[in-house]
2 protein chains.
Amino acid sequence: MPEDFKVTPWEVTGDIDYDLLQERFGTTPIDEAMKERLSKYGDIHPMIRRGIFYSHRDLIPLLDHYDKGNPFVLYTGRGPSGNTHLGHLMPWIFNKWVQDTFGVDMLFQMTDDEKFLFKDMTLGDTTSMAYQNALDFIALGFDPKKTRIILNTKNIDTLYPIALRISKKVTFSTAKAVFGFDNSTNIGSIFYTTLQSVPAFLPTEEAGKQVPVLIPCGIDQDPHFRVTRDVAPGLNYPKPSLVYCKMFPGLSGGDKMSSSDENATIYTTDSPKAVKKKVGRAFTGGCVSVEEQREKGGNPEVCAVFKYNYYLFEEDDEKLNELARKCRNGEILCGECKMCLTEKINVFLEGHQERREKAKDVIDDMTYDGFKW
Amino acid sequence: MPEDFKVTPWEVTGDIDYDLLQERFGTTPIDEAMKERLSKYGDIHPMIRRGIFYSHRDLIPLLDHYDKGNPFVLYTGRGPSGNTHLGHLMPWIFNKWVQDTFGVDMLFQMTDDEKFLFKDMTLGDTTSMAYQNALDFIALGFDPKKTRIILNTKNIDTLYPIALRISKKVTFSTAKAVFGFDNSTNIGSIFYTTLQSVPAFLPTEEAGKQVPVLIPCGIDQDPHFRVTRDVAPGLNYPKPSLVYCKMFPGLSGGDKMSSSDENATIYTTDSPKAVKKKVGRAFTGGCVSVEEQREKGGNPEVCAVFKYNYYLFEEDDEKLNELARKCRNGEILCGECKMCLTEKINVFLEGHQERREKAKDVIDDMTYDGFKW
């Protein structure tokens with residue numbers, strides 16, 4: 001069966017078949033029974049309801065553990081290779097919901113070493129980009145008392161001994177099979193995955209007892225955490241549980257918003273004017289002429305503007321369905337729809353940019369082990 | 001041409017053909033012209049005179065650099081996999097002579113991470129063994145103001161960013177070719193060599209200008225430093241220069257003293273009684289009976305007791321030649337020779353053990369970046 005898409009931690013291309021990906025990776029669908037169970041803890045998040053966070057590993061035992069009164073810790077991260085865009089915020093917003101709903105501690109790892117190794121960037125570049133990205137993370141309102149930001153190069157004294165123990169359990173064979181490495185891969189990239197495993201084990205290390213973690217992240221990160229889960233029992237750590245989301249779409253209609261297409265990417269620091277321009281150019285499901293669209297209607301299934309509402313900017317299902325109906329009927333045209341989305345994004349970004357500025361005052365207090373940026 | 005020996009950083013077996021090794025590694029003999037040049041700086045060390053330190057890389061440009069009034073830094077190290085024995089002290093004694101003769105700063109790296117990765121030891125084991133080994137190093141009298149001890153797991157915050165930059169320049173192909181790794185090698189072992197390169201670049205990093213290092217060490221470590229030298233220019237660091245020694249012989253007649261044969265290994269903490277017993281059992285070049293040896297003489301070429309005098313315990317060439325002559329003539333028998341060596345070792349160890357105790361008072365002051373043991 002030929003596949004016209006590729007999903008690895010470092011490359012996402014093509015039209016992703018998320019069901020096939022789930023099958024290939026061996027993860028479990030978040031089905032109706034799981035949604036039902038999750039609704040016990042509060043209103044389930046739209047990203048669960050809409051199948052954006054759509055797959056998991058071992059979420060059931062994690063919830064069983066929690067239901068018995070035991071804590072877990074949230075862990076997610078960011079590879080600081082560029083400015084934060086809306087696609088990065090999406091899983092973080094979900095993490096914030098999990099923190100609020102379950103009242104748990106959270107680790108946020110910034111992998112400045114990874115991006116140095118895998119991209120054409122200096123360590124100075126990736127470390128300062130980590131600072132910029134961390135401001136966006138903090139701006140989303142994570143509890144400053146319950147949230148710690150790890151920066152790999154600054155916290156390496158804590159991370160390295162655990163990374164060593166992980167690395168002793170992972171052969172090059174495994175790394176090759178999981179990540180597609182070959183003889184031309186640099187030896188830093190080969191070792192790197194150990195660093196991404198460490199935060200899954202830190203809570204147990206710190207507590208001196210088994211504290212499992214839940215990792216909500218993009219499904220492209222699954223290869224790393226397959227390794228994490230494989231080595232855990234041999235090191236007497238609990239296997240992490242995971243919930244995986246789909247990739248946030250690009251404005252040009254692609255399956256993933258990507259920094260490499262700046263005009264189709266909305267950054268958290270974009271001006272209202274820039275947002276207007278970018279949304280104005282978005283790929284839609286409209287027709288070539290107003291007349292045709294009034295008559296035949298648009299197609300929200302393929303429309304980037306509709307997807308933005310679906311993924312992030314219209315939490316109300318009724319309103320979303322109404323929008324889809326109007327589009328299909330030709331009642332609303334692309335221009336109006338783009339204006340509405342522009343307005344929503346700009347309202348969000350105005351508040352976000354203010355909170356992002358304020359984040360500069362607390363960023364040092366939220367670092368792991370108290371490092372200074 | 002079949003070879004019945006193997007020399008890698010992790011395994012030394014068989015009868016080593018040091019000339020062939022030099023040829024295979026592509027290092028340069030320390031010839032008469034080099035000995036002549038070295039004698040300009042003071043009496044050359046017996047280990048140079050006797051061809052124990054017998055091979056080098058780029059020693060000439062290093063001396064040219066020094067002759068123009070520029071400093072270099074000494075760098076050597078220890079993989080803390082067991083208690084210190086006389087074989088470990090040998091290259092350190094030579095390093096001490098270089099420090100005294102050239103008045104240079106010195107870095108001593110303890111690779112507790114390496115030994116964890118390559119041996120069946122915990123990190124706790126290798127880190128505490130590093131402490132024990134460091135006491136022996138200090139006991140040899142290195143200038144406490146000019147000497148800093150690096151412990152990889154404790155100094156990783158300084159080492160890691162440089163290790164990352166090195167790792168980005170080394171492919172798995174290279175690591176495979178240089179170290180003989182294969183698909184079953186763990187990914188920590190693959191990455192490790194970067195850590196051993198770092199101290200060669202630290203002096204330049206600290207000074208903000210090119211400060212080359214000289215690394216006196218066993219020739220088994222050459223594979224690591226071939227990598228170091230290959231990556232140096234691309235990172236704007238000077239290539240390290242090296243002087244290589246042969247392996248210190250075992251008491252049982254093997255080519256390398258090894259901790260795996262405890263009875264043929266003299267540890268720095270051995271009692272006079274233990275030394276007597278071990279030397280008493282040493283492999284010699286004697287005959288089966290006193291009568292035969294008085295008549296035919298012994299063979300110092302193959303004798304472990306003679307080698308100990310040659311490598312460490314008889315610095316006076318005339319006395320050494322006299323001992324060889326007497327042995328060959330049957331004038332001195334193995335028992336007497338063993339008694340003499342036992343006496344010399346015990347006199348040395350008595351002083352060493354005292355200095356080793358005192359080292360506990362200064363060890364914290366000699367750590368790199370001031371870490372506490």
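Protein chains get the first letters and strands the later ones, always in sequence-line order, with residue 1 at the start of each.
Taking the six-membered ring for Trp and thresholds of 30 and 60 degrees, B:Phe225 and B:Tyr75 have ring planes more than 60 degrees apart, a perpendicular arrangement.
Only the side chain of B:Thr193 comes within contact range of chain A, with heavy atoms under 4.5 Å apart. Only the backbone of B:Asp182 comes within less than 4.5 Å of a heavy atom in chain A; its side chain stays farther off. Proximity to chain A (any heavy atom under 4.5 Å) is restricted, for B:Tyr160, to the side chain, taken from C-beta onward. Heavy atoms of B:Lys168 lying under 4.5 Å from chain A belong to its backbone as well as its side chain. With a 4.5 angstrom heavy-atom cutoff, B:Leu123 touches chain A only via side-chain atoms. In this structure, chain A has no heavy atom under 4.5 Å from any part of B:Ser189.
When all heavy atoms of A:Ala134 and A:Met110 are compared, the pair lying nearest together is CB-SD, 3.8 Å.
Chosen from B:Lys154, B:Lys169, B:Arg165, the residue pairing most often with chain A at heavy-atom distances under 4.5 Å is B:Arg165. Taking A:Asp157, A:Thr174, A:Thr153, A:Thr185 one by one and counting their heavy-atom pairs under 4.5 Å with chain B, the maximum is reached by A:Thr185. For the set B:Asn155, B:Leu159, B:Val170, B:Thr122, the count of heavy-atom pairs under 4.5 angstrom toward chain A peaks at B:Val170. Taking chain A as the reference chain and counting heavy-atom pairs below 4.5 Å, the highest number among B:Thr171, B:Asn152, B:Thr127, B:Asp112 is found for B:Thr171.
Taking 4.5 Å as the limit, some side-chain heavy atom of B:Met247 sits within range of a side-chain heavy atom of B:Asp220.
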Next item on the list: Could you walk me through whether B:Tyr237 and B:Thr228 pass the side chain to side chain contact (heavy atoms under 4.5 Å, CB included) test, one step at a time?
Entry: CA-CA 10 Å; B:Tyr237 292 126; B:Thr228 314; over 6 Å; no

Notebook entry, point to check: For B:Thr194 and A:Phe191, what are the C-alpha separation, side-chain angles and deciding distance, and is it a side chain to side chain contact (heavy atoms under 4.5 Å, CB included)?
Noted result: CA-CA 11 Å; B:Thr194 63; A:Phe191 181 69; over 6 Å; no

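A centroid separation of 6.0 Å or more is found between the aromatic rings of B:Phe137 and B:His88.
Around the CG atom of A:Asp369, the shell of radius 6.0 Å holds more than 12 heavy atoms that belong to other residues, nucleotides or ligands.
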